[in-house]
Structure formats: structure tokens, C-alpha cells
Colleague: 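One structure, as C-alpha cells, below. Some questions next.
Because the structure is predicted, anything quoted here is derived from the model rather than measured. When reading the values below, keep in mind they use all heavy atoms of this one structure, side chains included, and skip hydrogens, waters and symmetry mates.
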Amino acid sequence: MEYRFDEEKFIESFNAKTDESKSIDSIRLTHKPDTQFKLFPYKASGKTQAPIVYELEDVVSGFFREAMNKKTEPIGFDALCKDLMEEVDVDEDDLDYFKDMVQSIFFKGKDFVADNLGLYPYQTSINNKSADNLAHFIYSVMDINEEDCQKIEAAKAQYKFNVLEDMVIKTIESKKVTKAEDKQAYFKVKTDIQKLFKSDFAFMLGSGMTSLEDLANLFAVYYFYYVSQTCIILDQFCIGKRDSNVKLFYALDWEKVSKNRMCCIEGWEKFQENLNHMFSHAITLEILNQTQTDEMYDYISIGEMASDLNMDAAIAVEIRKAEETYCSYIGDYKGFADIAYPSSGTETDKAVKHLFKCVNQQFLNTDRKRANQFYNEKFSEFCKSRWLKNRKKSGLVLNLTERDVIFLTKVCLRDEEKIRLNDLYKEYEKRGIFLDGTSKEYLQEFFTKLNLIDKKSDSGDAQYVKRIL
């Protein structure tokens, strides 16, 4: 195995202009992430062309279509009624009542709406490609496999459908369903959370926690956890670790927060700089993957290749070729020569870091800063809507609502009747959610008010949280 930059492939992938059709002082290429290297499911376009996904309920149906390998045609009210009436005799006098029942149970306006596990794959598309892309992203990076899909089918088999729901499912599957097309999987930068996601998902399938709200909550927890930690790992370049976890602290929705709290110092504010690099990393990795193979390489795998094959200097040379080629097509930015070359690290790591700096600086200092903003805000705006609260003088802080606490506690306890309070905190932390001492005190008070604390003594170790029904 060897790493070799392919200039011809770069020119084709980036639509680089090699003729004189554009001025030497203009940009002569098109930045296109998510082609050779699939990192994040975002587009560097405004909200009109590439809407932001704020609610992960919009992702559930796409996730289940992926898992069940199904592609469905739009389900119209009149066509569904006609198909159902081929399967059941409906008296003329009852026809309007039957149609009204189908309309009220399965449709909102003209849209077919799923509200249970068996119907999720057939929900009417919201015509938001961003939601479909995000569903595929979550499915990919959580490494869903055949065994996980079988668990979905088993849960569906155990689900108690009413007669009409059962008829609708059979009718749709016999007339509207085809096999889905295969999609290229996203690269998994962080690889130590998939097992826990699958375990939580399997528990929810088996326990009946399969409402849109519950599934959206699960996806929201792991979506934020994966992307936030991936951004942090990417900023470590070739020395990043796939199983590293930087603590991000949350506050509880109902507590007061001061600037010296961990949720302000070691929370959203700490993570923001990493988030602001998302688009630059996506483009840098796209450049690095213009090679003579279709295999995807992230910074860590390039660093490992350089180390394992004793090719540090040779790979660094190829990366510098990639940088020189890329910079030669960015005529509207004149500051590349002023970007300091890193002084520490392996030759490969230094070359990667300098390429990233070149990409990042031209985004920050040209009209392309808007594309950079559009790409990064696909995640940051979701976070502001779902995970952040404006604490005024203390700024934006990662936030857990009562709904979040109840959901997380149910998932962490599983089928156990109770859990040590200190062990519950550890379970939260396994899912990327850290609380400081003050927040833990507020959380304990919350459980006490709900009569969920089983107190063996006053020490934290001897206090238990009972299962939430």
C-alpha cells in the first residue's frame, strides 16, 4: 500500500480550470466536499437550497428505510383507500366513515404519517434532502449492520398493530415498496460509541420505547456526541485517537449558571472553535483523498500509514504536492506564503496541518467565508435549537431539560429497578454528558421531588435512583 496524490483526479473532482477561461487572480476550482471522502452530511449552501434539520423526528423514517432496505413511492389517500377496499368489503353506507377513519389515523392533510414502528419507513417524505442525508449519516456512523436490522424486524413482529394498521402495512408492502439503492457509507472517525448506541437502540426496541419522540431523542444524543467529538479529534490531526473523549459539561435547564461554572468553561464555548473548522476539515480531507485508490483516508489513517510503512517523508512529499496544486488554483487569496509551517510533529503531520491552514485561511479571508458559514451552521443551528440555552451574561450553555433527564435515566437504567446515583452519573458520561458538582446536587433534588430517590444513607454512594415507569 502507498499513498500518492493524483493531480488529474483532483482537477476532475474540483472542476479545476486549467485553461485561460478564468483570470489567474480568481478562484479556478469548485469546493465540493462529501465526494471522495464522506465526513459530514452537509452542503455549503444557504437554508433555501440545503435546509437545516432542527428536529430529528424528521430523520426517523429515513433511518428505518435504510435499516429495512426499502424505497417507497409516495402514498396518496385516494390510492390507499382504493387498495384497501380491494382487500376488504365495505358497505356503500359505511364508505365515507371508512375513508374518514383512514384519513384521521394515517394522514395529515395530504401527507401519510407514521406514528408506530411498523409504519416509519413509509412516512411521506418532507422533501428535505438534508433530512435524508442526515438519516444516512447516522445509520452509517453508528455502524448499523444486519444483526441490528434483524432486531428491528423482531421488534416489529412483537408490536401490537390494530387490524387497520396491519392491513395498511400489508397493502403498502405489496404495492409500493422496492429495494433501496446502495449508498456509500460515511467514514467513521470516532469508533468507540457505536456499541453503546446499538445497545441503547436494542433496549428501546425491546422495551417499546419506539415513539417518534423517543427515537428522535436517542438520535439527538448520539448525533451531537459523535459530531462534537469528531470535530475535536479532527483538530488533533494525525495524532488524534478514535476513542478519545473530551469532557463537555452541561447545565440543567432549571438551575442558575454563573460564568465560573464548568458548563461555561468546559462546555459549548470550549467546543465552538472545533465546530468552526468543520468545512475546512471536509475540504482538506477531500483534497487528501484525491489518490489512485477509492479507499478513504482520514488524518489518523494517513498518520498510521506513514508510521507503519516507514514512509513519513514520502507521504509528506505527496501532501505538499496536493497543497501546491490546490493553492495554484486559488488566485484570489495572496496570503499562502505568510502561513507559518508547523515546527513540531512528524513530517506527515506537519504537512497535513499546513494544508489545513491554507484551506482554512482562504475561507476566512475571501468571499467564500459565507460557504464556510453555511456548512458549519448546519450543525451549530441544530445544536442551538436542541442542546443550548442562552444564559445571557454566561452565554450559550449546553442544556439538559427535564425531558432529557427522564429519557436518559430510562435508557441508563434499562430493566433494573434502581441504580446508584453515582453510577447514573457515570452512565450519562458514557454518552458524552458531564455535570459538575452543583448540577449533580440539582439533579438529586429533581429525583427527590419525583420520589425516585431510595436513600440508604446520606452519602452519594448509598443513594439510588429508582426506575422511571
Side-chain angles (χ1 to χ4, degrees), residues 14-15 27 29-35 37-63 65-66 74 108-111 113 123-141 183-184 186 212-213 215-217 219-228 230-231 234 268-269 271-286 359-360 362-390 395-399 401:
F14 280 75
N15 194 26
I27 182 172
L29 55 73
T30 303
H31 290 103
K32 295 196 297 183
D34 200 32
T35 305
F37 188 87
K38 298 186 75 67
L39 179 63
F40 298 123
Y42 311 130
K43 303 296 181 188
S45 306
K47 297 175 185 178
T48 302
Q49 299 96 327
I52 296 169
V53 180
Y54 294 101
E55 301 293 339
L56 292 200
E57 281 88 346
D58 296 341
V59 169
V60 172
S61 61
F63 180 91
R65 277 194 292 273
E66 292 253 0
K108 283 186 180 178
K110 295 181 178 180
D111 293 337
V113 175
Q123 183 161 316
T124 297
S125 170
I126 58 174
N127 294 320
N128 182 348
K129 192 163 180 58
S130 298
D132 290 336
N133 290 340
L134 182 52
H136 177 54
F137 173 76
I138 294 173
Y139 181 87
S140 287
V141 298
K183 297 179 182 178
Q184 185 181 9
Y186 281 84
L212 275 175
E213 180 180 0
L215 291 167
N217 283 337
F219 292 166
V221 168
Y222 281 92
Y223 174 40
F224 178 77
Y225 188 18
Y226 176 85
V227 173
S228 62
T230 292
C231 289
L234 290 170
W268 176 256
E269 185 175 338
F271 165 62
Q272 268 194 296
E273 184 176 357
N274 306 114
L275 187 154
N276 290 336
H277 294 159
M278 293 178 80
F279 189 43
S280 294
H281 282 305
I283 295 300
T284 301
L285 286 163
E286 193 69 31
V359 172
N360 194 50
Q362 63 85 34
F363 278 133
L364 296 180
N365 294 284
T366 65
D367 290 341
R368 290 180 293 287
K369 64 180 110 181
R370 291 190 67 207
N372 184 60
Q373 175 193 335
F374 287 150
Y375 188 93
N376 297 342
E377 75 180 9
K378 299 297 187 291
F379 184 64
S380 65
E381 291 299 312
F382 159 76
C383 294
K384 290 173 185 176
S385 172
R386 177 62 180 84
W387 287 118
L388 294 174
K389 183 173 182 177
N390 191 337
L396 294 174
V397 173
L398 289 168
N399 188 67
T401 64

Colleague: For Phe14, enumerate each residue passing the ring pair (Phe, Tyr, Trp, His ring centres under 6.0 Å) test, keeping only those at least two apart in sequence or located in another chain.
Modeller: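 Counting only residues at least two positions away or on another chain, Phe14 forms a ring pair (Phe, Tyr, Trp, His ring centres under 6.0 Å) with Phe10.
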
Colleague: For Tyr225, enumerate each residue passing the ring pair (Phe, Tyr, Trp, His ring centres under 6.0 Å) test, keeping only those at least two apart in sequence or located in another chain.
Modeller: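 Tyr225: no ring pair (Phe, Tyr, Trp, His ring centres under 6.0 Å) contacts found.
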
Colleague: Does a side-chain heavy-atom distance below 4.5 Å link Tyr226 with Ile138?
Modeller: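 The answer is no, as the side chains (C-beta and beyond) never meet within the 4.5 Å cut-off.
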
Colleague: To the closest 0.5 Å, what do you measure between NZ (Lys384) and CG (Asn399)?
Modeller: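 If I round to the nearest 0.5 Å, the distance is 15.0 Å.
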
Colleague: Can you confirm whether Val60 sits close enough to Phe219 that some side-chain heavy atom of one is under 4.5 Å from a side-chain heavy atom of the other?
Modeller: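 A side-chain contact under 4.5 Å exists here.
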
Colleague: Using the ring centroid of each side chain, check whether Phe279 and Phe40 are separated by less than 6.0 Å.
Modeller: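 Between Phe279 and Phe40, the centre distance exceeds or equals 6.0 Å.
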
Colleague: Side chains of Asn217 and Arg386: does their closest heavy-atom pair fall under 4.5 Å?
Modeller: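 Yes, their side chains come closer than 4.5 Å.
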
Colleague: When you check the side-chain N and O atoms of Tyr42 and Asn376, is any donor under 3.5 Å from an acceptor?
Modeller: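 Looking only at side-chain atoms, Asn376 and Tyr42 do not form any donor-acceptor pair under 3.5 Å.
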
Colleague: Tell me, do Asp34 and Pro41 make a side-chain contact under 4.5 Å, heavy atoms counted?
Modeller: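 The answer is no; the side chains never approach within 4.5 Å.
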
Colleague: Count the heavy atoms of every other residue, nucleotide or ligand shown that sit under 6.0 Å from CD of Gln272, and state whether that count exceeds 12.
Modeller: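 Yes.
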
Colleague: Can you tell me how far CZ of Arg65 sits from OH of Tyr139, rounded to the nearest 0.5 angstrom?
Modeller: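 Taking OH in Tyr139 and CZ in Arg65, the distance rounds to 13.5 Å.
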
Colleague: Hey, are the side chains of Val359 and His31 touching, using non-hydrogen atoms and a 4.5 Å cut-off?
Modeller: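 No - every pair of side-chain heavy atoms lies 4.5 Å or more apart.
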
Colleague: Heavy-atom count check: over 12 atoms from other residues, nucleotides or ligands less than 6.0 Å from Lys43 NZ?
Modeller: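 Not buried by this count: 12 neighbours or fewer within 6.0 Å.
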
Colleague: Does some side-chain heavy atom of Asp58 sit less than 4.5 Å from a side-chain heavy atom of Leu134?
Modeller: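 They are not in side-chain contact.
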
Colleague: So, taking the atom named CH2 in Trp268 and the one named OG in Ser380, what distance separates them when rounded to the nearest 0.5 Å?
Modeller: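 Answer rounded to 0.5 Å: 6.0 Å.
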
Colleague: So which atom in His136 and which in Gln184 form the shortest heavy-atom distance, rounded to 0.1 Å?
Modeller: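 Scanning both residues, the minimum pair turns out to be NE2-O, 2.7 Å.
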
Colleague: Report yes or no: does Glu286 contribute a side-chain atom to a donor-acceptor pair with the main-chain N or O of Thr35 at less than 3.5 Å?
Modeller: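 Yes.
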
Colleague: For Glu57, enumerate each residue passing the salt bridge (Lys or Arg N to Asp or Glu O under 4.0 Å) test, keeping only those at least two apart in sequence or located in another chain.
Modeller: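 For Glu57 there are no salt bridge (Lys or Arg N to Asp or Glu O under 4.0 Å) partners, ignoring immediate neighbours.
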
Colleague: As an exercise, state the distance from CG of Leu285 to NZ of Lys38, rounded to the nearest 0.5 Å.
Modeller: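 Answer rounded to 0.5 Å: 13.5 Å.
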
Colleague: Can you list the residues that meet the salt bridge (Lys or Arg N to Asp or Glu O under 4.0 Å) rule with Lys389, with sequence neighbours excluded?
Modeller: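 Residues passing salt bridge (Lys or Arg N to Asp or Glu O under 4.0 Å) with Lys389: Asp253.
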
Colleague: side-chain contact (heavy atoms from CB on, under 4.5 Å) with Phe374: which residues, sequence neighbours excluded?
Modeller: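 Only Arg370, Glu377, Lys378 meet the side-chain contact (heavy atoms from CB on, under 4.5 Å) criterion with Phe374.
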
Colleague: side-chain contact (heavy atoms from CB on, under 4.5 Å) between Ile283 and Phe363: does it pass, once the steps are laid out?
Modeller: CA-CA 10 Å; Ile283 295 300; Phe363 278 133; 3.9 Å; yes

Colleague: Looking only at heavy atoms, which two atoms of Ser385 and Tyr54 are closest? And how far apart?
Modeller: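 Heavy-atom minimum between the residues: CB-CD2, 3.7 Å.
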
Colleague: Got a donor-acceptor contact below 3.5 angstrom from the Ser130 side chain to the Val53 backbone?
Modeller: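 Not a single qualifying donor-acceptor pair exists.
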
Colleague: Check whether any side-chain heavy atom of Leu234 sits under 4.5 Å from a side-chain heavy atom of Leu39, and report yes or no.
Modeller: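 A side-chain contact under 4.5 Å exists here.
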
Colleague: Taking only residues two or more places apart in sequence, or in another chain, which ones meet Lys369 in a salt bridge (Lys or Arg N to Asp or Glu O under 4.0 Å)?
Modeller: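 Lys369 satisfies salt bridge (Lys or Arg N to Asp or Glu O under 4.0 Å) with no residue once adjacent residues are dropped.
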
Colleague: For the pair Trp387 and Phe224, name the ring-plane relationship: parallel under 30°, tilted 30 to 60°, perpendicular over 60°.
Modeller: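 Geometry flag for Phe224 against Trp387: tilted rings.
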
Colleague: Rounded to the nearest 0.5 Å, what's the gap from CE on Met278 to SG on Cys231? Could you check?
Modeller: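 Those atoms lie 4.0 Å apart.
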
Colleague: Should the heavy atoms of other residues, nucleotides or ligands under 6.0 Å from CG of Asn390 be counted, would the total exceed 12?
Modeller: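 Counting neighbours around CG of Asn390, more than 12 heavy atoms of other residues, nucleotides or ligands fall under 6.0 Å, so yes.
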
Colleague: If you round to the nearest 0.5 Å, how far is OG1 of Thr284 from CG of Asn360?
Modeller: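 OG1 of Thr284 is found 7.5 Å from CG of Asn360.
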
